[in-house]
Trainee: 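The structure is given below, and queries will be raised subsequently.
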Amino acid sequence: METASHALPALELVDWFDAAARPLPWRAPGITGWGVLVSETMLQQTPVNRVRPIWEEWMQRWPRPSDLAAAPQAEVLRAWGKLGYPRRALRLHEAAGAIADQHGDVVPADVDTLLALPGVGTYTARAVTAFAYGKRAPVVDTNVRRVVARAVHGAGDAGPPSPKRDLADVDALLPEDDATAAKLSAALMELGQTVCTVRSPACDSCPVAADCAWQHAGRPAYDGPAKKVQKFAGTDRQVRGKLLDVLRGTDGPVPRAALDAVWSDAGQRDRCLDSLLVDGLIEQTDDGRFALPGEH
DNA sequence: CTCCTGTGCT
DNA sequence: AGCACGGGAG
């Protein structure tokens with residue numbers, strides 16, 4: 001029961017990308033490695049439409065890593081707004097300091113150097129090398145995994161991530177040439193985001209439909225293990241979000257009572273408050289009030 | 001493996 | 001009202 005493997009037409013995909021890519025602000029010519037690192041960090045788990053305005057604001061305000069590094073944590077968290085997972089903002093702030101201090105205020109172009117930065121993992125490191133510096137690097141996010149699962153392996157969707165294999169699969173698709181490989185990496189992501197979507201793939205307008213193993217197999221449904229879905233309502237994540245939102249909306253420290261008001265379960269509230277303290281997302285003043293870090 | 005947010009679609 | 005969504009760290 002060997003699945004048919006298909007080779008993807010790299011040049012057609014690249015041409016399609018040139019014609020069809022959305023004009024996202026971080027794809028404009030002249031965007032720095034810093035601009036790309038900020039966008040990729042924000043896009044790690046937030047959709048493009050919510051990222052766009054915040055990214056614009058950040059680039060205006062903090063055009064270089066050293067500019068962000070010089071800002072107080074509280075301001076960084078406020079500017080992060082409701083993008084979610086605010087620990088990303090703290091890590092990016094920390095990464096900015098390292099880039100300013102150790103890399104001459106220029107985002108590194110090398111994957112291993114990028115990986116050493118806080119908040120930069122296998123996806124983001126390769127995205128920055130490829131998209132900011134035009135280097136050949138397999139960039140594997142959930143969209144690319146789905147495109148490869150379908151077009152190459154003929155499956156309805158990607159199964160659970162398998163980092164080594166996923167990376168090798170995409171590596172095998174990339175041409176040797178840096179510029180073409182980098183653009184193909186971007187094209188694979190764009191294809192997964194806009195055409196080869198989870199629920200309603202637009203195979204009619206897909207540039208590789210003729211070479212797609214999934215098409216040839218009759219578009220079989222996904223038959224792997226069900227992916228586990230994350231709950232949100234009632235979780236500590238929701239409570240942490242509500243707590244932090246109070247502090248984002250005020251200038252200085254607030255009394256505990258102001259935080260008590262946002263969640264009725266005192267045990268959960270206290271646990272979340274404590275975890276926010278541990279994560280460095282909030283601080284407690286000497287008189288027992290709470291504030292965003294560095295703001296008292 | 002589990003945890004970390006907030007939205008937009010249905 | 002409920003559900004789907006996702007990269008990095010521990």
Side-chain angles (χ1 to χ4, degrees), chain A residues 36-55 76-95 98 111-112 114-131 137-147 149 156-164 166-167 170 185 188-189 192-194 196-201 222 225-249 262-263 268-269 271-282 292:
Chain A
V36 173
L37 177 61
V38 172
S39 71
E40 291 301 341
T41 303
M42 290 177 169
L43 289 164
Q44 275 168 10
Q45 51 269 314
T46 308
V48 297
N49 286 332
R50 285 202 292 144
V51 165
R52 197 193 308 248
I54 306 290
W55 182 86
V76 175
L77 288 171
R78 269 196 263 268
W80 190 258
K82 295 197 161 221
L83 287 184
Y85 298 112
R87 293 187 300 182
R88 285 183 290 161
L90 253 27
R91 295 194 186 114
L92 186 52
H93 184 243
E94 209 188 319
V111 169
D112 289 325
L114 283 159
L115 284 171
L117 296 170
V120 176
T122 52
Y123 164 77
T124 307
R126 288 171 173 82
V128 169
T129 345
F131 306 152
V139 180
V140 182
D141 76 340
T142 186
N143 297 294
V144 173
R145 295 203 318 111
R146 184 176 56 255
V147 169
D157 204 343
S162 168
K164 308 280 287 194
D166 297 341
L167 224 44
V170 177
S185 288
L188 288 168
M189 291 192 60
Q193 281 159 27
T194 65
C196 195
T197 61
V198 185
R199 265 183 283 282
S200 48
Y222 174 67
K227 38 199 85 172
K228 48 189 64 178
V229 46
Q230 286 233 58
K231 296 282 139 239
F232 176 58
T235 61
D236 284 5
R237 303 198 301 291
Q238 183 182 23
V239 179
R240 285 164 55 106
K242 283 181 180 297
L243 257 13
L244 209 54
D245 198 38
V246 172
L247 297 177
R248 264 189 243 120
V262 302
W263 198 255
Q268 188 177 20
R269 222 172 46 217
R271 179 172 74 238
C272 289
L273 218 39
D274 199 58
S275 73
L276 287 169
L277 251 6
V278 168
D279 287 346
L281 284 163
I282 66 176
L292 291 180

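So you know, we letter chains A, B, ... as the sequences are listed, proteins then strands, and number each from 1. Because only heavy atoms are used, hydrogens play no part in the values below, and waters and symmetry mates are left out as well, while side chains stay in. These numbers come from a predicted model, not from an experiment.
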Trainee: Examine distances only and state if a side-chain atom of A:Glu94 and a backbone atom of A:Ala89 form a donor-acceptor pair shorter than 3.5 Å.
Mentor: no

Trainee: What does A:Asp141 touch in the nucleic acid at a heavy-atom separation under 4.0 angstrom: a base, only the sugar-phosphate, or nothing?
Mentor: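 Counting heavy atoms under 4.0 Å across all strands, the contact made by A:Asp141 is with sugar-phosphate only.
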
Trainee: Quick check: on DNA chain C, is the nucleotide nearest A:Arg88 upstream (toward 5') of the one nearest A:Val120, or the reverse? Name the residue that is more 5'.
Mentor: A:Arg88

Trainee: Taking the same atom, P, in B:dT10 and in C:dG6, what whole-Å distance lies between them?
Mentor: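 Taking atom P in both B:dT10 and C:dG6, they lie 15 Å apart.
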
Trainee: So what does A:Arg248 hit on the nucleic acid, given a heavy-atom distance under 4.0 Å: a base, only sugar-phosphate, or nothing?
Mentor: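 Sugar-phosphate only.
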
Trainee: Relative to the 5' end of DNA chain C, which residue comes earlier, A:Thr46 or A:Pro118, by the nucleotide with the nearest heavy atom?
Mentor: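 Its nearest nucleotide lies further toward 5', so the answer is A:Thr46.
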
Trainee: What's the CD-P distance between A:Gln230 and B:dG6, to the nearest Å?
Mentor: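 Taking CD of A:Gln230 and P of B:dG6, I get 13 Å after rounding.
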
Trainee: Starting at atom CG of A:Leu281, determine the distance to atom P of B:dC4, rounded to an integer number of angstrom.
Mentor: 11 Å

Trainee: Classify the nucleic acid contact of A:Thr41 as base, sugar-phosphate or nothing, counting any heavy atom under 4.0 Å across all strands shown.
Mentor: nothing

Trainee: Between C:dG6, C:dA4, B:dT5, which one does the side chain of A:Arg199 approach most closely?
Mentor: C:dA4

Trainee: Between atom CZ in A:Arg237 and atom C1' in B:dT2, what is the gap in whole Å?
Mentor: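 Distance, rounded to whole Å: 10 Å.
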
Trainee: Using whole Å, report how far CZ of A:Arg87 lies from C1' of C:dG10.
Mentor: 9 Å

Trainee: Round to a whole Å and report the spacing from NZ of A:Lys231 to P of C:dG6.
Mentor: 15 Å

Trainee: Looking at C:dG7, C:dC5, B:dC4, which one has an atom nearest to any side-chain atom of A:Gln45?
Mentor: C:dG7

Trainee: Which nucleotide wins on minimum distance to the side chain of A:Lys228, given the candidates B:dT2, B:dT7, C:dG6?
Mentor: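 Of the options given, the side chain of A:Lys228 lies nearest B:dT2.
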
Trainee: Hey, is the main chain of A:Leu83 close enough, under 3.5 Å, to the side chain of A:Gln45 for a donor-acceptor pair?
Mentor: no

Trainee: Suppose you measure atom P in C:dG8 against the same atom in B:dT7; what distance do you get, rounded to whole Å?
Mentor: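 My reading of the P atoms in C:dG8 and B:dT7 gives 22 Å.
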
Trainee: Check A:Arg271 with A:Asp274, please: is the shortest side-chain N to carboxylate O separation under 4.0 Å?
Mentor: no

Trainee: Between atom CG in A:Asp279 and atom C1' in C:dG10, what is the gap in whole Å?
Mentor: 11 Å

Trainee: Could you please name the option among C:dA9, B:dT5, C:dG7 that lies closest to any side-chain atom of A:Thr124?
Mentor: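 Out of C:dA9, B:dT5, C:dG7, the nucleotide with an atom closest to A:Thr124's side chain is C:dG7.
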
Trainee: What is the distance from CG of A:Asp245 to P of B:dC4, rounded to the nearest Å?
Mentor: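 Distance check: A:Asp245 CG to B:dC4 P gives 17 Å.
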
Trainee: Give the nucleotide from the list B:dG8, C:dA4, B:dC4 with an atom nearest to the side chain of A:Val229.
Mentor: C:dA4

Trainee: After noting the C-alpha distance and the side-chain angles of A:Asp245 and A:Lys82, does the key distance pass the salt bridge (charged side-chain N to carboxylate O under 4.0 Å, His left out) rule?
Mentor: CA-CA 8 Å; A:Asp245 198 38; A:Lys82 295 197 161 221; 3.4 Å; yes

Trainee: Could you tell me whether A:Asp157 and A:Lys227 make a salt bridge, using a distance below 4.0 angstrom between a side-chain N and a carboxylate O?
Mentor: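 Salt bridge between A:Asp157 and A:Lys227, a charged N being under 4.0 Å from a carboxylate O: yes.
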
Trainee: Taking atom C1' of B:dT7 as reference, at what distance in whole Å does atom CG of A:Asn49 sit?
Mentor: 11 Å

Trainee: Which part of the nucleic acid, if any, lies within reach of A:Tyr123 when heavy atoms closer than 4.0 Å are counted: base, sugar-phosphate only, or nothing?
Mentor: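 Sugar-phosphate: the residue A:Tyr123, judged by heavy atoms under 4.0 Å, touches backbone atoms but no base.
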
Trainee: Let me confirm one number: the CD1-CG distance from A:Ile282 to A:Leu273, rounded to the nearest 0.5 Å.
Mentor: 4.5 Å

